[in-house]
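Here's the structure we're looking at; comments come further down.
Numbers restart at 1 for each chain; the letters A, B, ... are given by sequence-line order, proteins then strands. Owing to the predicted nature of the structure, the values given are computational and were not obtained by experimental measurement.
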Amino acid sequence: MKAYLDCGSTTWTHPQVVQEMRKYMEEDFGHPIFLYELGTRAAAAVDRAREVIAHSIGGKPEEIVFTSGATEANDIALRGVAYANRNRGRHIITTKVENPSVLRVCERLEKEGFKVDYLPVDSEGFVDPKTVEEKLTNETILVSIGNVNDEIGTIQNVEEIVKIVKERNQHTYFHVNAAAGYARVPIDVGHMGVDLLSISAHKIHGPKGAGALYVREGTRIEPIDYGYISLSALRPGTENIPGIMGFAKAVELAFDHFDAHIAHMRKLQARLMQGIEDKIPHVVLHGPRGEKRSPANVNYSFKGIEGESILLRLDMHGIAVATGSACSTRKLEPSHVLSAIGVKPEIAHGAIRFTFTWLTEEKEIDHALEVLPRVIEDLRRISPIKPEEM
Amino acid sequence: MKAYLDCGSTTWTHPQVVQEMRKYMEEDFGHPIFLYELGTRAAAAVDRAREVIAHSIGGKPEEIVFTSGATEANDIALRGVAYANRNRGRHIITTKVENPSVLRVCERLEKEGFKVDYLPVDSEGFVDPKTVEEKLTNETILVSIGNVNDEIGTIQNVEEIVKIVKERNQHTYFHVNAAAGYARVPIDVGHMGVDLLSISAHKIHGPKGAGALYVREGTRIEPIDYGYISLSALRPGTENIPGIMGFAKAVELAFDHFDAHIAHMRKLQARLMQGIEDKIPHVVLHGPRGEKRSPANVNYSFKGIEGESILLRLDMHGIAVATGSACSTRKLEPSHVLSAIGVKPEIAHGAIRFTFTWLTEEKEIDHALEVLPRVIEDLRRISPIKPEEM
Amino acid sequence: MPAEYTERSLLRYTEKVLELFRNPKNMGEMKDPTVVAVEGDPQCGDMFKMFLRIENNKIVDAKFLSFGCAANIATGSMTTELIKGKSVEEAEKLTIKQITDALGGLPALKMHCAVLAYKTLKKALQEYRAKSGGASA
Amino acid sequence: MPAEYTERSLLRYTEKVLELFRNPKNMGEMKDPTVVAVEGDPQCGDMFKMFLRIENNKIVDAKFLSFGCAANIATGSMTTELIKGKSVEEAEKLTIKQITDALGGLPALKMHCAVLAYKTLKKALQEYRAKSGGASA
Ligand SMILES: Cc1ncc(COP(=O)(O)O)c(C=O)c1O
Ligand SMILES: Cc1ncc(COP(=O)(O)O)c(C=O)c1O
């Protein structure tokens with residue numbers, strides 16, 4: 001029995017997605033810029049994909065730029081807007097709990113002379129809209145806030161924050177990194193009022209190497225990369241057409257029964273949280289409970305033991321989870337998100353993130369719930385630290 | 001009957017490549033940065049791919065950086081080296097006949113204060129090594145020259161040029177865009193003495209969305225993109241593992257019978273050139289004849305008629321070819337390569353490029369040779385220009 | 001997003017254009033035309049030659065030759081179709097927009113090809129006026 | 001290419017490390033140890049406790065507890081294995097390199113975990129010397 005509970009990091013590709021990709025690899029493999037039939041078929045396919053993806057977020061097809069993933073989409077959004085608007089101002093606002101794909105770009109922009117404010121969050125990961133208001137200046141050209149936190153599942157109140165930003169200055173652009181929230185929570189760029197939004201295919205059972213950036217019509221943005229231009233000057237290079245078509249197929253599959261998917265994930269989530277809290281003492285939930293938590297995310301610390309050891313023990317039973325900062329294990333620092341919500345380092349080190357999708361099966365949750373208590377108990381037995389004293 | 005003779009633009013993905021990709025999409029789909037088994041399998045797979053690709057160009061596995069294609073590889077190579085060495089000098093040398101993925105980056109660098117010399121070429125597309133020598137200064141930090149011209153197939157004498165560059169200054173880096181030459185002509189980075197080399201998967205029956213940059217150990221280079229770092233800080237973002245594995249499989253298939261592949265392409269090439277010259281009057285070959293021409297490239301102008309019309313007529317018979325500058329049809333200017341070798345605009349407009357690979361079949365060439373004379377004759381009949389008067 | 005970053009439709013032809021490219025109308029030389037006009041320059045990528053036979057101020061036949069792309073050929077077909085059977089005055093009133101609308105639109109980058117056929121027509125009609133001594137209405 | 005741009009092996013464990021993580025040796029508490037030492041700080045991500053039973057200047061048993069990652073646990077296993085049955089003098093001569101070599105190497109980023117077990121051993125041995133009044137050779 002296996003349980004893949006690290007869907008927040010990446011997912012397997014749906015067989016129907018693979019099938020779709022195969023078509024664009026073996027049959028309609030043409031280069032979309034050329035006028036012969038194979039080329040126009042490829043171009044028409046990309047147009048269809050553009051429509052599917054635009055539709056899923058309430059945007060227009062021509063507002064979709066295909067990228068190699070959310071990392072690249074975030075980089076284009078942030079630096080592309082910063083460079084194109086530097087004459088209007090050099091101030092950017094983001095939060096302390098963004099994904100590294102946003103934070104690293106902001107740090108780079110700081111080196112290049114931009115000023116970036118990293119907003120604090122409360123103990124559940126929420127940004128207080130008032131803090132945004134306080135930081136806004138006439139120099140603020142861009143605000144970037146993820147709609148769902150990838151580590152602790154906090155669903156940010158983006159709409160309200162956008163309203164505050166736009167009331168202060170219509171021309172301050174708003175970017176949302178939606179890699180963790182896409183297909184987990186409803187997204188409508190019109191309703192939310194955002195100007196740029198990043199998504200990634202491999203988090204929704206689409207292929208790795210495909211993502212998209214929504215760029216509202218009229219947004220002042222310039223390329224950050226240069227070279228051979230095929231369909232889009234904002235993202236040079238021959239399009240990954242099979243990736244794009246696989247992405248679109250994954251979007252169709254994810255949004256076809258969206259409400260049922262959410263309900264399924266909510267059920268898995270409740271079962272997992274209940275099970276952990278019933279069966280294991282000395283646990284700490286990270287992030288909010290209820291409606292304001294992503295249905296796809298559960299994150300607990302198990303006091304007195306260390307996350308990597310839990311991860312590797314669970315792996316011995318075919319269970320895949322993430323620990324600490326799922327995206328920055330390399331730094332060996334406690335997760336920046338857990339630090340930002342005020343979790344003590346010794347607790348943060350024992351944090352385990354379980355993430356799933358609409359395709360995760362209940363029996364995977366049950367398998368985890370069977371193995372986890374034993375693993376925690378075993379590791380606590382060999383730890384010099386008593387959980388009740390932490 | 002169909003004939004796909006635009007392999008220089010892109011190729012279909014080999015079924016074995018698709019099979020390999022499927023494995024990394026549906027089974028070993030893990031994120032390579034994580035320590036659980038699925039993650040380590042993915043990481044180990046990437047290491048294997050690195051070895052296969054390094055081996056194919058005579059480099060070391062750790063000198064391979066995976067990218068989304070040659071466009072991105074060229075951008076990282078050129079701007080990455082330029083930025084990291086700007087304190088040593090701001091002079092770059094390239095040629096007038098490079099692919100737009102090199103030229104557009106050079107133009108960008110000029111805007112940022114670098115000085116770029118674009119070397120002329122002779123009537124067959126060759127760079128005179130002496131012109132390189134003349135342009136080299138103490139400020140020259142980088143020379144970038146493609147080993148094979150994608151439009152007219154000229155095989156550049158890279159080795160000799162590298163020698164001249166390195167004799168003048170060991171620290172001047174040498175970059176080769178090998179997207180058009182990879183798997184068509186032998187490449188050995190050690191033997192050639194180059195520091196950076198770009199390749200692309202979709203030109204060798206691998207997937208779109210995958211490429212690689214060879215970066216010699218010790219090369220001073222910095223990233224041009226920022227964000228979430230998975231395996232390589234030079235190219236952020238979650239790796240396109242299926243793309244990488246598909247690329248490696250394509251490399252194996254391409255290099256497994258390399259000599260036989262070359263012989264096959266030479267045979268197709270001779271057959272096509274002979275056929276065109278025998279059957280159609282008033283044609284002009286672009287690029288060299290013989291050993292110094294890529295075995296995968298044939299390029300003729302058909303006087304008195306226009307390339308796009310030829311392309312679309314051939315397409316009516318299932319034949320795909322490229323016209324003018326295969327990579328810049330959008331500009332409606334005669335191909336920059338044909339201009340650089342001194343072809344008159346009215347001749348350049350009638351240029352048709354036929355490109356193939358080791359998998360192209362002789363009967364495709366024969367089909368083209370059957371259809372082409374009729375198409376040329378038909379179009380000449382409705383042209384106001386007499387080919388014999390051009 | 002600025003238009004220059006979404007160039008996907010800058011080069012695509014409509015089905016109508018492709019249909020007229022594949023099966024062009026009125027293509028070829030004409031013997032004994034009333035008037036002939038040439039516009040364009042092969043160095044710039046296209047050249048267009050139009051033949052008109054005009055009887056009693058009515059265009060009874062129109063033909064063309066083209067050294068040009070599909071847009072050029074399709075526009076030539078459409079232009080000659082639109083004026084055949086019309087009076088010279090009617091032909092003089094034909095606008096470039098009417099031609100491209102009839103083609104279902106042309107990619108932005110190919111507009112100059114449509115203009116070439118149109119310019120050649122204008123030139124031919126002027127020549128006809130000059131020859132026949134009549135002024136345009 | 002600068003090392004910082006190829007981090008693929010910064011975190012990977014050898015099979016030996018994973019094996020010792022999965023089946024650790026000498027893990028657990030010891031009743032009546034001759035000496036106990038603790039190093040590290042849970043705030044920094046790891047804490048290590050070592051128990052030694054020393055008879056006639058010989059380490060007859062060694063055990064450890066760990067609040068730490070796989071590297072920490074594997075290094076604890078290896079360190080205790082390497083000193084069991086050795087004299088105190090021999091144990092004092094053990095180097096950090098001997099431990100990591102025996103593990104087939106450790107990812108660069110995890111070296112400090114190995115050092116922690118080593119430091120705890122040193123501390124335990126010092127304590128033993130202090131307690132028993134003997135100085136190190
Ligand atoms: C919130 C968030 N943003 C961005 C990324 C990076 O996306 P990608 O892997 O598509 O580059 C991830 C996943 O790694 C993520 O979880
Ligand atoms: C010589 C050359 N360089 C670079 C490229 C761009 O490569 P890619 O499509 O992998 O971005 C191409 C093909 O379009 C090419 O022919």
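Residues A:Tyr83 and A:Glu112 bring a donor and an acceptor atom of their side chains to less than 3.5 Å of each other. Under the 3.5 Å distance criterion, with hydrogens and angles disregarded, no donor-acceptor pair is assigned to the side chains of A:Arg353 and A:Ser335.
Of the two parts of B:Pro236, the backbone and the side chain both hold a non-hydrogen atom closer than 4.5 Å to a non-hydrogen atom of chain A. Neither the backbone nor the side chain of B:Ser200 comes within contact range of chain A; no heavy atom of the residue lies under 4.5 Å from a heavy atom of that chain. Heavy atoms closer than 4.5 Å to chain A are found in the side chain of B:Arg235, but not in its backbone. In this structure, chain A has a heavy atom under 4.5 Å from the side chain of B:Leu311, while its backbone stays farther away. The contact between B:Val321 and chain A is made entirely by backbone atoms, counting heavy-atom distances below 4.5 Å. With a 4.5 Å cut-off on non-hydrogen atoms, B:Glu98 does not touch chain A at all. With a 4.5 angstrom heavy-atom cutoff, B:Glu239 touches chain A only via backbone atoms. For B:Ile224, the parts sitting under 4.5 Å from any heavy atom of chain A are the backbone and the side chain alike. Residue contact with chain A, scored on non-hydrogen atoms closer than 4.5 Å, involves the side chain of B:His202 exclusively. Within the 4.5 angstrom heavy-atom criterion, atoms from both the backbone and the side chain of A:Asp225 approach chain B. At a 4.5 Å heavy-atom cutoff, the contact between A:Ile241 and chain B is made by backbone and side-chain atoms alike. The contact between B:Met21 and chain A is made entirely by side chain atoms (from C-beta outward), counting heavy-atom distances below 4.5 Å.
B:Ser198 places no side-chain N or O within 3.5 Å of a backbone atom of B:Leu213 that could act as its donor or acceptor partner. No donor-acceptor distance shorter than 3.5 angstrom exists from the side chain of A:Lys23 to the backbone of A:Asp28, with no hydrogens or angles considered. Remark: the backbone N or O of A:Thr238 is not paired with any side-chain donor or acceptor of A:Ser230 at under 3.5 angstrom. In this structure, A:Thr40 contributes its side chain and A:Leu35 its backbone to no donor-acceptor pair below 3.5 Å. In this structure, B:His175 contributes its side chain and B:Leu196 its backbone to no donor-acceptor pair below 3.5 Å. Proximity of a side-chain donor or acceptor of B:Asp150 to a complementary backbone N or O of B:Ala180 within less than 3.5 Å is not detected.
Counting heavy-atom pairs under 4.5 Å between each of B:Ser101, B:Gly30, B:Cys106 and chain A puts B:Ser101 at the top. Options B:Val17, B:Leu312, B:Val18 differ in how many heavy-atom pairs under 4.5 Å they form with chain A, and the most are formed by B:Val18. Interface summary for chain B: among A:Pro242, A:Gly237, A:Gly211, the most heavy-atom pairs under 4.5 angstrom belong to A:Gly237. With respect to chain A, the highest number of heavy-atom pairs below 4.5 Å among B:Arg79, B:Glu72, B:His205, B:Arg108 belongs to B:Arg108. Among the candidates B:Gly318, B:Pro15, B:Gly243, B:Gly39, the residue making the largest number of heavy-atom pairs closer than 4.5 Å to chain A is B:Pro15. Annotation: maximal heavy-atom pairing with chain B below 4.5 Å, among A:Ile244, A:Ile76, A:Thr10, A:Thr71, occurs at A:Thr71. Highest contact tally toward chain B, considering only A:Ala70, A:Gly69, A:Gly227, is held by A:Gly227 [criterion: heavy-atom pairs under 4.5 Å]. Each of B:Thr11, B:Leu103, B:Val102, B:Leu38 has some count of heavy-atom pairs under 4.5 Å with chain A, and the biggest count is that of B:Thr11. Among the candidates B:Tyr24, B:Tyr36, B:Trp12, the residue making the largest number of heavy-atom pairs closer than 4.5 Å to chain A is B:Tyr36.
Side-chain contact between A:Met1 and A:Glu364: present, with at least one pair of heavy atoms (C-beta onward) separated by less than 4.5 Å.
At a threshold of 4.0 Å, the pair A:Arg41-A:Glu37 counts as salt-bridged, since one of the basic side-chain nitrogens sits closer than that to a carboxylate oxygen.
B:Ser9 and A:His31 make their closest contact through O-CD2, 3.7 Å (heavy atoms, listed as atom of the first residue, atom of the second, distance). For the pair B:Gln16 and B:Leu253, the tightest heavy-atom approach, listed with the atom from each and the gap, is OE1-CD2, 3.7 Å.
The distance between the ring centers of A:Phe356 and A:Tyr4 does not fall below 6.0 angstrom.
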